> 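Sharing a structure, written as structure tokens. Questions coming.
Note that the structure is a prediction, hence the values are computed from the model and not measured.
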Amino acid sequence: MSVVVRFAPSPTGFLHLGGARTALFNWLYARHCGGRYLLRIEDTDRARSTPAAIEAILEGLRWLGLEGDEPPVFQSTRFARHREVAERLLAEGKAYRCWCTPEELEAMRARARAEGRPVRYDRRCRERPADFRRPGVQPVVRLKVPTEGETVIEDLVQGTVRIANAQLDDMVLLRSDGTPTYMLSVVVDDHDMGITHVIRGDDHLTNAFRQLQLYRAMGVEPPAFAHIPLIHGPDGTKLSKRHGAVSLLEYREMGFLPEAMRNYLVRLGWSLGDREILTTEEMIRHFDIRDVGRSPARFDMDRLLHLNAHWLRQKPADELVRLVEPFLRRLGLELDETGRRRLLEGMAELVVRARTLVELAQGARIYVAPRPLQPDAKAMKFLGEEQRARLARLRAVLAATEPWTPEHLEEVCRAFAAREGVGFGKIAQPLRAALTGTTVSPPIFEVMRVLGREEVLARLDDAVAGQHAAAQQSP
RNA sequence: GUCCCCAUCGUCUAGUGGUCAGGACACCAGCCUUUCAAGCUGGAAACGCGGGUUCGAUUCCCGCUGGGGACGCCA
């Protein structure tokens with residue numbers, strides 16, 4: 001039997017990290033098995049679903065590389081079919097109308113809670129005659145769930161999980177306005193779409209028991225279930241806004257790479273021996289939903305950063321230039337031909353100093369920012385009277401230095417330091433401050449190589465003339 | 001409260017009825033060094049507790065504790 005899985009987000013918000021991992025596991029399993037991976041938008045709650053949220057979710061999936069194999073199914077377009085199933089169940093006596101009002105139900109729950117009893121509908125409408133009516137009340141339709149025995153799930157991740165049927169509720173299938181509930185819609189749609197494996201967060205585990213009852217009532221074969229553990233925040237509770245960024249797209253904005261996200265996410269709950277770095281191809285080759293662990297993992301930003309740094313370095317320079325461009329723009333820097341050429345030249349030394357595209361853009365400023373530079377406070381400390389005088393003398397030397405290579409420049413500067421009677425550090429840091437406007441940068445002779453003689457001399461002139469200070473005073 | 005799930009370094013994890021309990025991130029130290037990184041070397045760091053089963057349990061069973069999740073006319 002060919003595998004068909006689906007990722008079914010509800011468009012009431014953005015795509016959550018946990019949802020992204022669920023999508024990834026579904027996608028990997030489908031790819032591994034040579035099956036199909038479908039998308040379904042669970043917009044049965046019309047009031048809370050927005051087009052913007054739908055677009056954001058699809059955008060997130062696209063970015064992660066987890067688009068569906070077919071256009072997404074919108075659950076809201078299938079109401080008629082859902083209702084038809086409920087009506088049939090009603091006709092077959094497998095479901096019944098419940099005339100209790102929300103207020104009554106709430107009171108029922110409150111009492112149960114107060115008395116320490118299980119919080120559950122007491123089924124008071126279950127045995128009412130078919131022609132029962134309650135003036136002014138629009139009934140809901142509930143499923144008749146067995147009250148004795150137990151329901152067992154052979155979950156691909158959780159193993160055998162059983163629950164006493166007495167714990168189950170007669171869940172609502174159709175609301176009083178006639179619209180289907182999530183519980184009905186998922187089951188009908190999963191069945192109609194031919195879903196063979198339902199892979200989702202383990203917060204749905206208890207739903208699976210109720211859904212199993214619905215499959216039985218419908219007289220159809222249920223899919224296999226795999227309930228994967230949730231991702232928790234660093235404090236161990238369910239990941240939420242409280243923990244900072246939880247929207248996948250925020251991670252894109254923070255400068256993370258999709259391959260790094262996939263690598264990070266897949267290792268939460270799944271592993272391949274000692275391997276930490278995994279390509280998507282390797283994941284596909286080895287992934288099996290049955291190997292996913294049952295304990296929840298905590299989100300760890302340091303680890304994500306480390307993985308992102310790794311994947312960043314795998315990229316060729318020209319692609320990094322392309323990727324970093326929007327992040328530079330955010331810093332107010334446009335890339336012209338000169339900037340582009342310098343970045344390409346200097347990228348190797350830039351990328352080892354960055355863990356994200358945001359950091360890469362930061363580091364790239366030294367090659368892109370227009371003259372005169374505006375040194376930061378730390379750099380200014382290296383550009384005092386005495387140091388500028390020395391830089392002026394160095395400038396004269398540099399003007400005649402040939403060839404313009406890092407090795408030779410270093411020789412020249414070391415010799416200069418010796419002549420000045422100071423340590424090499426006394427030359428290098430002021431030079432760095434003048435040339436980059438910072439105290440942290442790639443090796444200074446590398447920077448000089450990338451910048452070229454003309455730019456180096458110009459920046460030195462700026463520094464010697466005190467242009468820096470002036471620029472800083474009048475922004 | 002009821003039900004369900006979980007439990008190896010701080011974190012992600014590997015692992016087996018007998019291992020010096022392995023790796024990675026983070027952390028610390030050293031090396032390298034013009035800054036910062038990177039890199040290299042080394043270090044500290046875990047089987048939650050109590051009972052069983054067994055010649056022997058981190059591993060199997062039970063209980064406890066701790067954590068998490070679910071209990072809607074939300075999804």
> How is Val172(A) classified with respect to the nucleic acid when contacts are heavy atoms under 4.0 Å: base, sugar-phosphate, or nothing?
sugar-phosphate
> Looking for any heavy atom pair under 4.0 Å, which part of the strands does Arg355(A) touch: base, sugar-phosphate only, or nothing?
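Counting heavy atoms under 4.0 Å across all strands, no contact is made by Arg355(A).
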> When the P atoms of G56(B) and G10(B) are considered, how many whole Å apart are they?
30 Å
> I'd like to know if Arg432(A) reaches the base of U34(B) with its side chain, counting only an N/O donor and acceptor under 3.5 Å.
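By the distance-only test, yes, there is a pair.
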> Is any side-chain nitrogen or oxygen of Lys238(A) closer than 4.0 Å to OP1 or OP2 of G67(B)?
no
> Mind checking Val119(A) for me? I need base, sugar-phosphate or nothing, with any heavy atom below 4.0 Å counting as a touch.
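Touches a base.
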> What is the pairing partner of C71(B), taking Watson-Crick or G-U wobble pairs with both distances under 3.5 Å in any strand?
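Across any shown strand, C71(B) pairs with G1(B).
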> Looking at the side chain of Met183(A), which of A75(B), U13(B), C5(B) is the nearest nucleotide?
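Taking heavy atoms from C-beta onward, the closest nucleotide is A75(B).
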> When the aromatic ring centroids of Phe25(A) and Phe287(A) are compared, is their separation below 6.0 Å?
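Yes, close enough.
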> Please determine whether any donor N or O and acceptor N or O are separated by less than 3.5 Å between the side chain of Asp202(A) and the base of G69(B).
no
> When the C1' atoms of A7(B) and G63(B) are considered, how many whole Å apart are they?
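That atom pair is separated by 15 Å.
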> Looking at every strand, decide which applies to Asn207(A) at a 4.0 Å heavy-atom threshold: base, sugar-phosphate, or nothing.
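If one applies the 4.0 Å heavy-atom cut-off, Asn207(A) turns out to touch a base.
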> Going by modelled atom types, is there a donor-acceptor pair between the base of C73(B) and the side chain of Thr181(A) at under 3.5 Å?
no
> If only side-chain N and O atoms count, and only distance matters, is there a donor-acceptor pair under 3.5 Å linking Arg210(A) with Gln213(A)?
no
> Would you say a side-chain N or O of Thr44(A) is under 4.0 Å from OP1 or OP2 of A75(B)?
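Yes, within the criterion.
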> Quick check for you: among C12(B), A26(B), A75(B), whose closest atom lies nearest to any side-chain atom of His306(A)?
A26(B)
> Between the base of C71(B) and the side chain of Arg120(A), is one N or O donor paired with an acceptor at under 3.5 angstrom?
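No, the side chain and the base share no sub-3.5 Å donor-acceptor pair.
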> Counting only N and O atoms by type, is there a donor-acceptor contact under 3.5 Å from the side chain of Arg353(A) to the main-chain atoms of Gly363(A)?
no
> Taking the nucleotide of RNA chain B with the closest heavy atom to each, which residue, Thr101(A) or Phe209(A), is nearer the 5' end?
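By nearest-heavy-atom nucleotide position, the 5'-most residue is Phe209(A).
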> Looking at the side chain of Asp274(A), which of U34(B), A37(B), G22(B) is the nearest nucleotide?
G22(B)
> May I ask you to say what Leu205(A) touches in the nucleic acid, namely base, sugar-phosphate or nothing, with a heavy-atom cut-off under 4.0 Å?
sugar-phosphate
> Is Ser185(A) touching bases, backbone alone, or none of the nucleic acid, heavy atoms closer than 4.0 Å?
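Counting heavy atoms under 4.0 Å across all strands, no contact is made by Ser185(A).
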> Considering Watson-Crick and G-U wobble pairs with both distances under 3.5 Å, what does U59(B) pair with?
none
> Would you say Arg313(A) reaches A38(B)'s phosphate, i.e. side-chain N/O to OP1/OP2 under 4.0 Å?
no
> Base, sugar-phosphate or nothing for Phe299(A)? Non-hydrogen atoms, less than 4.0 Å.
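The residue Phe299(A) makes no contact with any strand.
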> So, Asp43(A) and Ser76(A): side-chain donor and acceptor under 3.5 Å apart, yes or no?
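Yes.
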> From the list A24(B), U35(B), A38(B), which nucleotide is the closest neighbour of the side chain of Pro443(A)?
U35(B)
> Just call it for Gly423(A): base, sugar-phosphate, or nothing, with non-hydrogen atoms closer than 4.0 Å on any strand.
nothing
> Heavy-atom nearest nucleotide on RNA chain B for Thr12(A) versus Leu272(A): which residue maps closer to 5'?
Leu272(A)
> So if I take every side-chain heavy atom of Leu230(A) and compare against C71(B), A7(B), G69(B), which nucleotide ends up nearest?
G69(B)
> If the plane angle is over 60° it's perpendicular, under 30° parallel, otherwise tilted; pick one for His204(A) and Tyr182(A).
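Answer is tilted, since the angle falls between 30° and 60°.
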> Would you say C36(B) has OP1 or OP2 under 4.0 Å from some side-chain N or O of Ser441(A)?
no
> Have a look at Pro442(A) and say if it touches a base, only the backbone sugar-phosphate, or nothing, with a 4.0 Å heavy-atom cut-off.
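If one applies the 4.0 Å heavy-atom cut-off, Pro442(A) turns out to touch a base.
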> Which base, if any, makes a Watson-Crick or G-U wobble pair with U54(B), both distances under 3.5 Å?
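Base-paired to nothing in any strand shown.
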> Any idea which of G69(B), U34(B), C12(B) is nearest the Arg303(A) side chain?
C12(B)
> Pick base, sugar-phosphate or nothing for Gly425(A), based on heavy-atom distances below 4.0 Å to the nucleic acid.
nothing
> Name the pairing partner of A26(B), where a pair is Watson-Crick or G-U wobble with both distances under 3.5 Å, or state none.
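Because no pair has both required distances under 3.5 Å, A26(B) counts as unpaired.
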> With a 4.0 Å cutoff (strictly under), does any side-chain N or O of Arg353(A) reach OP1 or OP2 of U35(B)?
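Indeed not, no polar side-chain atom of Arg353(A) lies that close.
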> Does Leu398(A) offer a backbone N or O that forms a donor-acceptor pair with the side chain of Arg453(A) under 3.5 Å?
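Judged by distance alone, yes, a pair lies under 3.5 Å.
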> Tell me which nucleotide, if any, is Watson-Crick or G-U wobble paired with A7(B) when both distances must be under 3.5 Å.
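Base-paired to U65(B).
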> Which atom pairs link the protein and nucleotides 60-62 of chain B when you take only N or O atoms and keep those under 3.5 Å?
none

> Kindly indicate whether the side chain of Phe445(A), heavy atoms from C-beta on, has any atom under 4.5 Å from the side chain of Thr405(A).
no
> Does Arg267(A) have a side-chain nitrogen or oxygen under 4.0 Å from the phosphate oxygens OP1 or OP2 of U13(B)?
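Looking at the OP1 and OP2 atoms of U13(B), neither is under 4.0 Å from any side-chain N or O of Arg267(A).
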> Can you check whether Phe299(A) and Tyr264(A) have ring centres sitting under 6.0 Å from each other?
yes
> Quick one about Asp189(A) and His82(A) (side-chain donor to acceptor, distance below 3.5 Å, no hydrogens or angles considered), yes or no?
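Indeed, the side chains of His82(A) and Asp189(A) share at least one donor-acceptor pair under 3.5 Å.
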> I'd like to know if Arg40(A) and Asp190(A) make a salt bridge, using a cut-off of under 4.0 Å between side-chain N and carboxylate O.
yes
> Kindly point out which of U34(B), A7(B), A75(B) is positioned nearest to the side chain of His204(A)?
A75(B)
> Does Arg109(A) place a side-chain N or O at less than 4.0 Å from the phosphate oxygens OP1/OP2 of C73(B)?
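Looking at the OP1 and OP2 atoms of C73(B), one of them is under 4.0 Å from a side-chain N or O of Arg109(A).
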> Identify which nucleotide among U34(B), C12(B), G69(B) has an atom closest to any side-chain atom of Thr206(A), counting heavy atoms from C-beta outward.
G69(B)
> Taking any heavy-atom pair under 4.0 Å as a contact, classify Thr439(A): base, sugar-phosphate, or nothing.
base
> Using the side-chain heavy atoms of His232(A), tell me which of these nucleotides is nearest: C6(B), G68(B), C73(B).
G68(B)
> I want to verify a distance call: between C71(B), C25(B), A75(B), whose nearest atom is closest to the Asp302(A) side chain?
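Closest nucleotide among those given: C25(B).
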> Could you tell me if the side chain of Glu420(A) sits less than 4.5 Å from the side chain of Arg393(A), heavy atoms only?
yes
> So Ser176(A), base contact, sugar-phosphate only, or nothing? Heavy-atom distance under 4.0 Å.
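Ser176(A): base contact, heavy atoms under 4.0 Å.
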